[in-house]
Amino acid sequence: MNPDRHRIARDGLSATIQARGGELVSLRDAAGREWLWQAGPEWRRHAPWLFPIVGKLAGDTLRHEGREYRMGQHGFARDRRFTWLSQDADRCRLRLSDDAESRALYPFAFILELDFSLAGGWLVAKATVANPGRVTLPFAFGAHPAFAWPLPGAGAKESHRLVFAEAEPGPARRLEAGLLAGEEALPMRGDTLPLSPALFEKDALVLPGLLSQELRYVSEAKPEIEMRWQGYPDLGLWSKPEGAGFLCIEPWCGFASPAGWDGEFAEKPGIALLQPGESRDFTWSVRPKG
């Protein structure tokens with residue numbers, strides 16, 4: 001086993017996953033075109049996992065039973081080294097479990113397993129959060145894949161759009177100092193959200209309680225990405241308006257603390273709760289085309 005990275009390939013699609021953060025770092029088609037953002041200077045990540053929080057907590061502080069724990073934006077999983085469980089030609093699996101380092105930040109037992117596989121031109125990224133402990137496990141969980149924008153071989157950024165499976169009435173939420181702030185209308189045209197850098201001038205768009213579980217990220221040219229997800233009720237959309245060449249399409253279970261909220265972590269809006277012995281699956285899948 002390569003302790004740092006593993007490449008899987010099948011049906012003309014290949015993906016590379018690294019142990020640090022259990023992160024997908026490349027997604028290439030048979031022509032060698034790269035569909036994933038390559039961690040340029042504007043943002044040094046590719047597709048991190050967000051655990052045990054999504055977004056920020058007020059004061060970067062997790063409150064539990066009268067104690068305070070330091071918890072930075074999006075949690076710690078994205079910076080921890082996962083253990084390889086298997087490395088096969090078209091599939092790999094990794095695991096992260098609690099230890100003394102994690103419990104100093106997050107006083108709960110947990111197991112986070114990742115399963116990446118390729119089949120039929122799709123990359124499937126499945127995550128399972130399990131509670132091996134004796135008390136309820138409160139957590140949020142999210143995916144944060146950044147895709148090329150423009151898509152490979154496509155035209156200008158403004159020629160791209162997201163086409164949702166359902167018409168999404170919104171409203172969307174914005175962030176203020178990293179916390180969930182006011183509502184605003186989505187600039188939707190039926191089931192379609194036109195894309196432009198100006199859409200992200202006020203930071204990310206947060207779509208809680210999304211109706212759709214799939215979308216198409218398309219351009220006026222031929223290239224497109226199909227994306228599906230299960231287990232994630234929310235969605236984040238983000239890019240940097242200063243010309244960064246990526247669009248993050250982020251299935252989430254949970255979101256940043258609402259502005260003005262600073263209570264017990266287990267009571268935070270959007271938090272998920274797992275009882276001892278329970279587990280919960282989260283899956284997102286992508287298929288590049290054209």
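Atom set for the values below is all heavy atoms of this structure, side chains included, hydrogens, waters and symmetry mates excluded.
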Does [X] reach the main-chain N or O of [Y] with its side chain, forming a donor-acceptor pair under 3.5 Å?
X: Thr192; Y: Gly190; value: no
X: Arg28; Y: Ser14; value: no
X: Asp281; Y: Thr128; value: no
X: Glu23; Y: His46; value: yes
X: Glu34; Y: Leu36; value: yes
X: Asp11; Y: Gly120; value: yes
X: Glu214; Y: Glu166; value: no
X: His6; Y: Asp88; value: yes
X: Asp234; Y: Gly254; value: yes
X: His160; Y: Tyr217; value: no

same_hphob_cluster([X], [Y]) at 4.5 Å side-chain heavy-atom cutoff:
X: Leu96; Y: Ile111; value: no
X: Leu62; Y: Val54; value: no
X: Leu237; Y: Phe282; value: yes
X: Leu179; Y: Ile53; value: no
X: Leu273; Y: Val135; value: yes

Over 12 foreign heavy atoms within 6.0 Å of [atom1], [X]:
X: Glu42; atom1: CD; result: yes
X: Arg189; atom1: CZ; result: no
X: Lys126; atom1: NZ; result: no

Taking the side chain as C-beta and beyond, is there a heavy-atom pair between [X] and [Y] under 4.5 Å?
X: Leu118; Y: Val124; result: no
X: Leu13; Y: Leu27; result: yes
X: Pro194; Y: Leu162; result: no
X: Arg80; Y: Arg20; result: no
X: Phe76; Y: Met71; result: yes
X: Ile8; Y: Phe116; result: yes
X: Ser257; Y: Lys268; result: yes
X: Trp49; Y: His144; result: no

Atom pair [atom1]/[atom2] of [X] and [Y] - distance to nearest 0.5 Å:
X: Glu250; Y: His74; atom1: CD; atom2: NE2; answer: 6.0 Å
X: Leu186; Y: Leu205; atom1: CG; atom2: CG; answer: 6.5 Å
X: Cys248; Y: Arg45; atom1: SG; atom2: CZ; answer: 11.5 Å
X: Leu274; Y: Arg280; atom1: CG; atom2: CZ; answer: 7.5 Å
X: Ile249; Y: Ile225; atom1: CD1; atom2: CD1; answer: 6.5 Å
X: Leu247; Y: Leu199; atom1: CG; atom2: CG; answer: 9.0 Å

- Query: Stepwise, does the side chain to side chain contact (heavy atoms under 4.5 Å, CB included) test hold for Val163 with Leu215?
  - Reply: CA-CA 5 Å; Val163 182; Leu215 59 74; over 6 Å; no
Looking at [Y] and [X], is any side-chain nitrogen of the basic one under 4.0 Å from a carboxylate oxygen of the acidic one?
X: Arg81; Y: Asp4; answer: yes
X: Lys202; Y: Glu184; answer: yes
X: Arg63; Y: Glu264; answer: no
X: Asp99; Y: Arg103; answer: no

- Task: Check side chain to side chain contact (heavy atoms under 4.5 Å, CB included) between Ala148 and all other residues, then give those that pass, not counting sequence neighbours.
- Result: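 Partners of Ala148 under the side chain to side chain contact (heavy atoms under 4.5 Å, CB included) test: Pro152.
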- Side-chain donor-acceptor pair present, Glu224, Ser219, cut-off under 3.5 Å: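 No, no side-chain donor-acceptor pair sits under 3.5 Å.
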- Item | Donor on one side chain, acceptor on other, Gln275 and Thr136, under 3.5 Å |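 Short answer, yes.
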Please report the shortest heavy-atom distance between [X] and [Y], naming the atom on each side.
X: Arg70; Y: Leu105; result: O-CD2, 3.4 Å
X: Leu207; Y: Ala172; result: CD1-CB, 4.5 Å
X: Pro171; Y: Pro208; result: O-CD, 4.4 Å
X: Gly142; Y: Trp252; result: CA-CD1, 3.9 Å
X: Phe82; Y: Gly22; result: CD1-N, 3.3 Å
X: Ser212; Y: Ala165; result: OG-N, 3.4 Å

- Query: Arg161 and Leu193: side chain to side chain contact (heavy atoms under 4.5 Å, CB included), yes or no, with the steps?
  - Reply: CA-CA 6 Å; Arg161 61 195 184 278; Leu193 178 65; over 6 Å; no
- Task: May I ask you to decide if the ring planes of Phe246 and Trp43 are parallel, tilted or perpendicular, using 30° and 60° as cut-offs?
- Result: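 Geometry flag for Trp43 against Phe246: tilted rings.
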- In terms of ring plane angle, is the pair Phe139 and Phe51 parallel, tilted or perpendicular, where the classes change at 30° and 60°?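 Phe139 vs Phe51 ring planes: tilted.
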- Query: Taking the six-membered ring where the residue is Trp, are the ring centres of Phe108 and Tyr106 under 6.0 Å apart?
  - Reply: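 That pair passes the under 6.0 Å test.
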